[in-house]
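Notes follow the structure.
All of these numbers come straight from a predicted model, not from anything done at the bench. Side-chain atoms are counted along with the backbone in the values below, which use heavy atoms only and exclude waters and symmetry mates.
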Amino acid sequence: MKPTIVIASDHGGYALKETLKAYLKDELGYEVRDFGCHSEESVDYPDFAYLVARAVADGQFTYGIIVDGVGIGSCMVANKVKGIRAAMCYDHFTAVNSKSHNDANVLTLGGRVIGEALAKEIVKTWLETPFSGGRHSRRVNKIMQIELDEA
């Protein structure tokens, strides 16, 4: 059974989020929960990025996807939440690497910098790429230890 994906955007990512919601449901067979926004009216991306990150960190969802204008701001916000390993991906390689090597649990995308076809490829690749473990587990553990040390 596929996990339910939580997704959100700001106004700059709204159109791409809507496209990805349909793609996730209709073509990839995922259940999707949309945490907003619900139009292209200006909103603050930290509000929506935090909702997704918090829901993933709390264990309500395995994976989250956040789409803002460029993807950077939402990635920064999500990585402030304990337990989150957010990755801004912009091509096939970064999607594979973020999951395979870093066990990312939140994906951020830039709705104003990548097209729909590439975004779909990134999402599919990211969701289907397993964590490699091995030497990468040691490195991910070090990332998470930094989070504990800074608390």
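Of all non-hydrogen atoms in P3 and Y30, the two that sit nearest each other are O-CD2, 3.1 Å. The two residues A78 and I66 have their closest heavy-atom pair at CB-CD1, 4.2 Å. Here the closest non-hydrogen pair linking T108 and S74 is CG2-C, 4.0 Å.
Note on V6 and L28: separate hydrophobic clusters, where clusters join Ile, Leu, Val, Met, Phe, Trp and Tyr whose side-chain heavy atoms are under 4.5 Å apart, directly or indirectly. Transitive grouping of hydrophobic side chains (ILVMFWY, heavy atoms separated by less than 4.5 Å) keeps V77 and V67 in distinct clusters. A continuous path of Ile, Leu, Val, Met, Phe, Trp and Tyr side chains, each step under 4.5 Å between heavy atoms, connects Y63 with L107, placing both in one hydrophobic cluster. Put simply, I7 and L118 are part of the same group of oily side chains (I, L, V, M, F, W, Y) that touch within less than 4.5 Å, one to the next.
K120 has its side chain within reach of L20: a pair of non-hydrogen atoms, C-beta onward, lies under 4.5 Å apart. Looking at heavy atoms from C-beta onward, L24 lies in side-chain contact with I65 at the 4.5 angstrom threshold. Annotation: side chain of V106 is not in contact with side chain of V81 (no heavy-atom distance under 4.5 Å). Side chains of R139 and H136 form a contact here, defined as non-hydrogen atoms less than 4.5 Å apart. Between I72 and M76 the shortest side-chain heavy-atom distance falls below 4.5 Å.
In this view, T62 satisfies the side chain to side chain donor-acceptor pair (under 3.5 Å) rule with no residue, not counting sequence neighbours. Contacts of E27 classified as side chain to side chain donor-acceptor pair (under 3.5 Å), with partners at least two apart in sequence or in another chain: none. Qualifying side chain to side chain contact (heavy atoms under 4.5 Å, CB included) partners for I146, counting only residues two or more places apart in sequence or in other chains: E150. Annotation: side chain to side chain donor-acceptor pair (under 3.5 Å) contacts of D149 (sequence neighbours excluded): Q145. Qualifying side chain to side chain contact (heavy atoms under 4.5 Å, CB included) partners for S137, counting only residues two or more places apart in sequence or in other chains: F131. Taking E128 as the reference, K124 meet the salt bridge (Lys or Arg N to Asp or Glu O under 4.0 Å) condition, with sequence neighbours excluded. Scored by the side chain to side chain contact (heavy atoms under 4.5 Å, CB included) test, K82 finds E147, L148 as partners (sequence neighbours excluded). Partners of K25 by side chain to side chain contact (heavy atoms under 4.5 Å, CB included), not counting sequence neighbours, listed by chain and number: V32.
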For residues 48-56, which side-chain donor-acceptor pairs fall under 3.5 Å, sequence neighbours excluded?
from: R54; atom 1: NE; to: D58; atom 2: OD1; distance (Å): 3.1
from: R54; atom 1: NE; to: D58; atom 2: OD2; distance (Å): 3.4
from: R54; atom 1: NH2; to: D58; atom 2: OD1; distance (Å): 3.1

Report, one line per pair, each donor and acceptor closer than 3.5 Å where one atom sits in a side chain of residues 84-98; sequence neighbours left out.
from: R85; atom 1: NE; to: N102; atom 2: O; distance (Å): 3.4
from: R85; atom 1: NE; to: D103; atom 2: O; distance (Å): 2.9
from: R85; atom 1: NH2; to: D103; atom 2: O; distance (Å): 2.9
from: R85; atom 1: NH2; to: D103; atom 2: OD2; distance (Å): 3.4
from: D91; atom 1: OD1; to: F93; atom 2: N; distance (Å): 3.3
from: D91; atom 1: OD1; to: T94; atom 2: N; distance (Å): 2.8
from: D91; atom 1: OD1; to: T94; atom 2: OG1; distance (Å): 2.9
from: H92; atom 1: ND1; to: E121; atom 2: OE2; distance (Å): 3.2
from: H92; atom 1: ND1; to: T125; atom 2: OG1; distance (Å): 3.4
from: T94; atom 1: OG1; to: Y90; atom 2: N; distance (Å): 3.0
from: T94; atom 1: OG1; to: D91; atom 2: N; distance (Å): 3.2
from: T94; atom 1: OG1; to: D91; atom 2: O; distance (Å): 3.0
from: N97; atom 1: ND2; to: H101; atom 2: ND1; distance (Å): 3.2
from: S98; atom 1: OG; to: T94; atom 2: O; distance (Å): 3.2
from: S98; atom 1: OG; to: A95; atom 2: O; distance (Å): 3.1
from: S98; atom 1: OG; to: W126; atom 2: NE1; distance (Å): 3.2

For residues 35-43, which side-chain donor-acceptor pairs fall under 3.5 Å, sequence neighbours excluded?
from: S39; atom 1: OG; to: E41; atom 2: N; distance (Å): 3.1

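Between the D68 side chain and the Y45 main chain, no donor and acceptor come within less than 3.5 Å of each other.
For E31, the CD atom counts as loosely surrounded, since its 6.0 Å shell holds 12 or fewer non-hydrogen atoms of other residues, nucleotides or ligands.
Within the structure, side chain to side chain donor-acceptor pair (under 3.5 Å) pairs that include any residue of residues 5-22 comprise K17-D34, E18-K21, T19-E116, K21-D34 (at least two apart or interchain).
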Could you check L127 against I5 for side-chain contact (heavy atoms from CB on, under 4.5 Å), going step by step and ending with a plain yes or no? CA-CA 10 Å; L127 288 169; I5 307 298; 3.7 Å; yes
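Distance check: I114 CD1 to I122 CD1 gives 4.0 Å after rounding to the nearest 0.5 Å.
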